[in-house]
Amino acid sequence: MRVSAPAPQSRPDLGPADYPLSVNRQDLLRTPTGKPLSALTMNAVVAGEIVADDLRIAPETLQLQAILAESVQRPQLAANFRRAAELTAVPDAEVLAMYNALRPRASSRDELLTIAENLESKYHAPVCGALVREAAEVYQRRDLLAREED
Amino acid sequence: MTTTQPRHSRRTEILEDRPVNLDGFVEEWPEKGLVAMESDFDPAPSVRVEDGRIVELDGRARADFDFMDTFIADHAIDVETTEASMAVPSDEIARMLINPTVSRQDVLAVTRGLTPAKILDVVKLMNVVEIMQGMQKMRARRTPANQGHSTSARDNPLQVAVDAAEGALRGFAELETTLGVLRYAPLVAIALQVGAQVGRGGVLTQCALEEATELELGMRGITAYAETISIYGTESVFVDGDDTPWSKSFLASAYASRGIKMRFTSGTGSEVQMGNAEGKSMLYLEIRCVLMAKGAGVQGLQNGSISCIGVPGAMPGGIRAVAAENLVASMVDLECASGNDQSFSHSAMRRTARMMPQLLPGTDFVCSGYSGVPNADNMFAGSNFDTDDYDDWNTIQRDLQVDGGLRHIREDEILQVRNKAARALQALFAELDLPRITDEEVEAATYANGSEDYPERDVLEDLKGAQSVMDRGITGLDLVTALERTGFHDVAENLLTVLRQRVSGDLLQTSAILTHDFVPLSAINDANDYAGPGTGYRLQGERWEQLKKLRHVTSAENPETEVS
């Protein structure tokens, strides 16, 4: 493993006993819109106070789950959660477009590097950017970049 | 006409007519990769690290790495420990796997540093009983579970809903659907979700589709997890599948970024079936898949040959190799949804024997899945077990005192949840202005077995309705609101609770399922602690009492009556 993300600002000291967070550490959980889990009630749904964005995961929560995964020796899972934390900022359609661009022979080297730059500068997603850069390098070596005639 | 045929014995004729002789069997052809797990063409284990980087993997120098080697070397194998782990003799690692005094954590400390060829070298030493012993300890979640399919030959959403409700009540922790006509997907995925939450709140659902569409349904909150994320053991077949380890890793993160549980899928035989096994054994290539999944950071893997089971099933030792691939997923600390999910043999005995290596030790999901509809309605091309086998499955659990995740349910309870699921879907469709479900259909659904027992639906209207779900951007939250508004408060509450889980991310951890109390149960708070006889998961207490019940059990107090 070489992929790692910058640690969150303040790193709570989480361990296996804190899991599940939805039961044991609700105090740490917020929706991306800043609501506590306890606000997501049926009454609130009926009153129209809950929107789809309230049922998404916040990047901070993914960082907490990454810490938990690390506490049980699952570094790759933690790295995945850190990439995911970054991708929370990217709109659905763009996530799908980036995935499709990473398919074999779908993109030129420049196109992949543009995606990486976009991830890094626009979405502050350096770990995801690094994954795309790594793909560009391997695709070039293995002849998996888009071909001229494509 | 005079006969020139040699005379057969009566016994030969009887044996010729046995179902097993409708199955296909072929000889090994190692040069083409048509060999389960013992091939002279598989590489010898090796690793070399320079400057904190793996520069040689299983006899291949870094300059010659294909993308699987590159990905596994850079992401899956622990560079710090690999040289020490590789120095441990294979027979010692195999013994650690079956020795109950060696903990799961101790085994993981070694397996984190192993290469694909080394892992193959270890499991090749193990017979099928030893593989089961290993699985008993290495399965990530302490409590085993099962997954079901709910599909319809006519893509009838109502059938999918009621069979999901029945399946959920019988015990499936996850339910999966797929389609004959793909455009039906939004309606069928909604039906699966509603039916599951009627049967037992907290059951997780998914709809198997092309990767991008599957992700879209997940993002909308119509499905709860995803599994049809296929990976392959050779670069050429991976590329034929229009993906790479990097695109799949990105996809894994995309799912997690929306709080959606996800696992990859792979299996022995896929590469040779897709025509490019590069002369390697099926199990060697599958181990590369397992390590690729590990490297991507996905929490789990569906493997056990899956839709390619006919290939290892035709080979000598093929079913042993399939058991071994499940063990490999578990011994590198991934959730394993262990196959038993595709029509495999005409022989009931072979079908049963094929699942013993998963049922007896227990896996995270013994089937992935068991057909919760009659086989003719199974749109995954049939499963190894179906609704006709429910009572047999329950009886085998009771005979051997093993927990295969299901239980016997009395007919009155089943009719009740089927009827409720049908009415809930009827109300939901009406509320969302989707094609009407009639009272006649609800009645049929309550008592039906297969799709032929339902009134035919107007397919064109249904497809328009399915399209409108996508066009209008209907989400899981809209389903909650509509269910609540139509008086199905408990179902709405169940679905809201499942959706709320996304916010916490608890279901993203390894082997996570939801209990009937909506408590996430994963390899963190339910870590497998098997340490020999009397430890680990034991079928006892209230759960064992449930599993003692069958359709017909004679009362001890009054032998004239039955309890059920």
Side-chain angles (χ1 to χ4, degrees), chain A residues 1-3 16 19-23 26 29-31 37 40-42 45-46 50-52 54-58 61-62 64-65 68-69 72-81 83-88 90 92 95-96 98-100 102-105 128 131-132 134-135 138-139 141-142 144, chain B residues 66-67 70 74-76 78-79 105 108 211-212 215-216 219 221 235 239 242-244 246-247 249-259 294-299 333 475-477 480-481 484-485 489 492-493 496 499-506 508-510 519-520 522-525 527:
Chain A
M1 279 309 304
R2 45 193 76 245
V3 184
Y19 182 91
L21 300 181
S22 57
V23 176
Q26 279 208 20
L29 299 176
R30 288 287 181 282
T31 68
L37 213 53
L40 304 175
T41 62
M42 189 61 76
V45 171
V46 171
I50 305 294
V51 294
D54 291 319
L55 293 171
R56 287 192 169 212
I57 191 165
T61 307
L62 282 157
L64 297 177
Q65 294 291 355
L68 271 180
V72 289
Q73 286 82 51
R74 296 185 177 121
Q76 289 95 344
L77 186 60
N80 183 28
F81 293 161
R83 290 194 301 267
E86 295 183 344
L87 288 181
T88 55
V90 185
D92 290 358
V95 168
L96 285 168
M98 287 176 181
Y99 164 59
N100 282 321
L102 279 166
R103 293 187 192 253
R105 301 197 181 102
C128 290
L131 184 80
V132 175
E134 186 185 314
V138 176
Y139 290 8
R141 188 164 60 78
R142 302 302 298 171
L144 293 171
Chain B
D66 64 17
F67 73 28
T70 305
D74 290 352
H75 295 276
D78 183 358
V79 183
Q105 286 306 324
L108 293 179
E211 273 84 348
L215 177 59
E216 191 177 352
M219 284 172 165
E235 182 178 290
V239 169
D242 203 17
D243 267 299
T244 73
W246 287 266
S247 65
S249 297
F250 186 88
L251 192 59
S253 304
Y255 273 101
S257 74
R258 269 56 184 173
K294 172 91 178 166
V298 64
Q299 62 83 31
D333 202 22
T475 66
L477 192 58
V480 172
T481 312
E484 177 70 18
R485 241 189 264 136
H489 173 74
E493 192 72 60
L496 178 61
L499 289 173
R500 197 162 45 205
Q501 276 302 327
R502 291 183 176 204
V503 176
S504 75
D506 284 334
L508 302 177
Q509 297 288 353
T510 306
V519 175
S522 79
I524 296 181
N525 62 338

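Each chain gets a letter, A, B and so on, in the order the sequences are listed, and its residues count up from 1.
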Tell me which of these, Thr31(A), Val72(A), Asp92(A), Leu62(A), has more heavy-atom pairs under 4.5 Å with chain B than the rest.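 The residue among Thr31(A), Val72(A), Asp92(A), Leu62(A) with the greatest pair count is Asp92(A).
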Which of the residues Thr41(A), Val95(A), Val23(A), Leu29(A) is involved in the greatest number of heavy-atom pairs with chain B at under 4.5 angstrom?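 Going by pairs under 4.5 Å, I would pick Val95(A).
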With a 4.5 angstrom heavy-atom cut-off, could you sort out which part of [X] is near chain B: side chain, backbone, both or neither?
X: Phe81(A); answer: side chain
X: Leu40(A); answer: both
X: Thr61(A); answer: side chain
X: Arg30(A); answer: backbone
X: Leu37(A); answer: both
X: Val46(A); answer: side chain
X: Gln26(A); answer: neither
X: Leu21(A); answer: both

Heavy atoms only: give me the nearest [X]-[Y] pair and the separation to one decimal.
X: Tyr19(A); Y: Asp506(B); result: OH-O, 2.7 Å
X: Gln65(A); Y: Gly505(B); result: NE2-C, 3.3 Å
X: Arg83(A); Y: Cys128(A); result: O-SG, 3.4 Å
X: Arg56(A); Y: Val503(B); result: O-CG2, 3.6 Å

Chain A heavy atoms under 4.5 Å from [X]: which part of the residue, side chain, backbone, both or neither?
X: Glu493(B); result: both
X: Ala527(B); result: neither
X: Thr244(B); result: both
X: Leu499(B); result: both
X: Leu508(B); result: both

Pair Val239(B), Arg105(A) - check side chain to side chain contact (heavy atoms under 4.5 Å, CB included), show working. CA-CA 9 Å; Val239(B) 169; Arg105(A) 301 197 181 102; 3.8 Å; yes
Out of Val51(A), Ile50(A), Leu55(A), which one pairs with Val45(A) under the side-chain contact (heavy atoms from CB on, under 4.5 Å) rule?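 Among the candidates, only Ile50(A) passes.
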Most contacts with chain A, counted as non-hydrogen pairs under 4.5 angstrom, among [options]:
options: Ala256(B), Gly259(B), Ala492(B); value: Ala256(B)
options: Arg258(B), Gln105(B), Arg502(B), Glu484(B); value: Arg258(B)
options: Val480(B), Val519(B), Thr510(B), Asp242(B); value: Asp242(B)

Looking only at side chains, do Thr70(B) and Arg141(A) share a donor and an acceptor under 3.5 Å apart?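 Present: a donor and an acceptor within the cut-off.
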Who passes side chain to side chain contact (heavy atoms under 4.5 Å, CB included) against Ala78(A), sequence neighbours left out?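 For Ala78(A) the side chain to side chain contact (heavy atoms under 4.5 Å, CB included) partners, ignoring immediate neighbours, are Ala66(A), Ala69(A), Glu70(A), Arg82(A).
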